[in-house]
Enquirer: 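Next up is a structure, given as structure tokens.
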Amino acid sequence: MTEQTRLTLTPEPLTATAFAPYGTVIETRDRDFFMINNGSTQRFHRLAEVMLGKPDDRGIISIFRAQGLAMPLRVKLLERHPFGSQAFIPLKQNPFLIIVAEPGEVPEPANIRAFITDGSQGINYHPGVWHHPVLSCVPEDDFLVVDREGEGNNCDEYFFAEDTEIVLENSP
Ligand SMILES: NC(=O)N[C@@H](O)C(=O)O
Ligand code: NI
């Protein structure tokens, strides 16, 4: 008889340092900039990079209109994009939730972490990082998404066994 796994995830406030194993935080707080447009604009240059795995890949820009999910959330799957990064930038300045695990053959429940953004932050998942599909904190939210289009399957899904109960609590 396999032992049941029960895990409760409590979202941590998102910081660049804490998120570093999974990707980059896209924010202006404490970031360098230089002036452009005759001194009228601050350019926060290359906050993150679009990572593409194959020579003919394209970086594309989309908008995701996400419906909020009932909380607390039973986490049934995580997914990864082996051939490219994926960035989510909130278009309405709402906080959103993030569930991640470091790259590996399968996501290890003990290594899963949850974060909540402050509304001004976006993220760029690095290739192969396990993550939950976008999690809106409001009934409907819009995200600008920059990710990879190209040959081959770029979305691996991992479904947890029925006896692995992972629950994301409401944010603090
Ligand atoms: N599948 C898809 O385009 N979206 C997911 O990758 C996601 O992270 O929301
Ligand atoms: Ni994704």
Side-chain angles (χ1 to χ4, degrees), residues 7 9-16 18-27 46-54 56-109 111-161 164 166-171:
L7 191 65
L9 301 174
T10 304
E12 314 164 40
L14 181 68
T15 67
F19 195 69
Y22 315 105
T24 310
V25 176
I26 300 169
E27 59 185 340
R46 199 174 55 234
L47 294 173
E49 291 196 27
V50 180
M51 301 172 183
L52 304 173
K54 297 178 180 229
D56 297 332
D57 286 354
R58 297 164 298 285
I60 61 171
I61 299 174
S62 309
I63 288 179
F64 283 22
R65 179 157 292 162
Q67 306 301 310
L69 301 179
M71 298 295 281
L73 174 75
R74 171 79 188 262
V75 178
K76 295 182 178 170
L77 82 142
L78 294 182
E79 61 171 40
R80 66 180 174 185
H81 311 299
F83 300 124
S85 56
Q86 186 175 51
F88 288 85
I89 295 103
L91 292 178
K92 298 180 178 176
Q93 282 75 48
N94 294 312
F96 65 98
L97 288 160
I98 298 157
I99 301 174
V100 284
E102 293 189 33
E105 194 53 37
V106 296
E108 293 298 334
N111 298 339
I112 298 174
R113 287 173 78 179
F115 296 97
I116 184 161
T117 70
D118 69 4
S120 72
Q121 298 165 309
I123 54 164
N124 189 39
Y125 294 121
H126 287 170
V129 168
W130 292 103
H131 59 279
H132 194 281
V134 62
L135 285 168
S136 168
C137 288
V138 294
E140 182 175 273
D141 210 357
D142 285 357
F143 298 84
L144 191 75
V145 177
V146 182
D147 58 5
R148 175 261 188 195
E149 185 177 69
E151 284 303 304
N153 171 46
N154 188 38
C155 187
D156 298 333
E157 292 179 323
Y158 179 83
F159 290 86
F160 293 103
T164 300
I166 302 169
V167 176
L168 172 67
E169 282 184 332
N170 264 318
S171 44

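Ligands are counted one by one from 1 in listed order, and the atoms in each one are counted from 1 as well. What you see is a predicted model, and the numbers here were worked out from it, not measured in a lab.
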Enquirer: Look at Lys92 together with Asp141 and state whether they make a salt bridge at an N to O cut-off of under 4.0 Å.
Expert: no
Enquirer: Is there side-chain contact between Ile123 and Phe96, with heavy atoms separated by less than 4.5 Å?
Expert: yes
Enquirer: What count do you get for protein N, O or S atoms closer to the Ni ion (ligand 2) than 2.8 Å?
Expert: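 Atoms of protein N, O or S type lying less than 2.8 Å from the Ni ion (ligand 2) total 4.
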Enquirer: Is the shortest heavy-atom distance from the side chain of Pro82 to the side chain of Asp156 under 4.5 Å?
Expert: yes
Enquirer: Can you tell if the side chain of Ile116 reaches within under 4.5 Å of the side chain of Leu14, non-hydrogen atoms only?
Expert: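 SC-SC contact between Ile116 and Leu14 ruled out.
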Enquirer: Between Phe160 and Tyr158, what is the ring plane arrangement, given parallel below 30°, perpendicular above 60°, and tilted in between?
Expert: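 Perpendicular.
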Enquirer: Any idea which residues sit under 4.0 Å from ligand 1, heavy-atom distances?
Expert: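 Lining ligand 1: Phe64, Glu79, His81, Gln86, Phe88, His131, Pro133, Val134.
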Enquirer: Tell me, please, which residues at least two apart from Arg58 pass salt bridge (charged side-chain N to carboxylate O under 4.0 Å, His left out).
Expert: Glu149
Enquirer: Please table the atom pairs, donor to acceptor, closer than 3.5 Å between any side-chain atom in residues 83-91 and protein atoms at least two apart or in another chain.
Expert:
unit_1: Ser85; atom_1: OG; unit_2: Met51; atom_2: N; d: 2.8
unit_1: Gln86; atom_1: OE1; unit_2: His81; atom_2: NE2; d: 2.9
unit_1: Gln86; atom_1: OE1; unit_2: His131; atom_2: NE2; d: 3.3
unit_1: Gln86; atom_1: NE2; unit_2: Asp147; atom_2: OD2; d: 3.0

Enquirer: When rounded to the nearest 0.5 angstrom, what is the spacing between CG in Leu69 and CZ in Arg74?
Expert: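 Between atom CG of Leu69 and atom CZ of Arg74 there are 14.5 Å.
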Enquirer: Under 3.5 Å, side chain of Arg80 to main-chain N/O of Ala101, donor-acceptor pair present?
Expert: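 Not at all, since once roles are kept as given, no pair shorter than 3.5 Å links the two residues.
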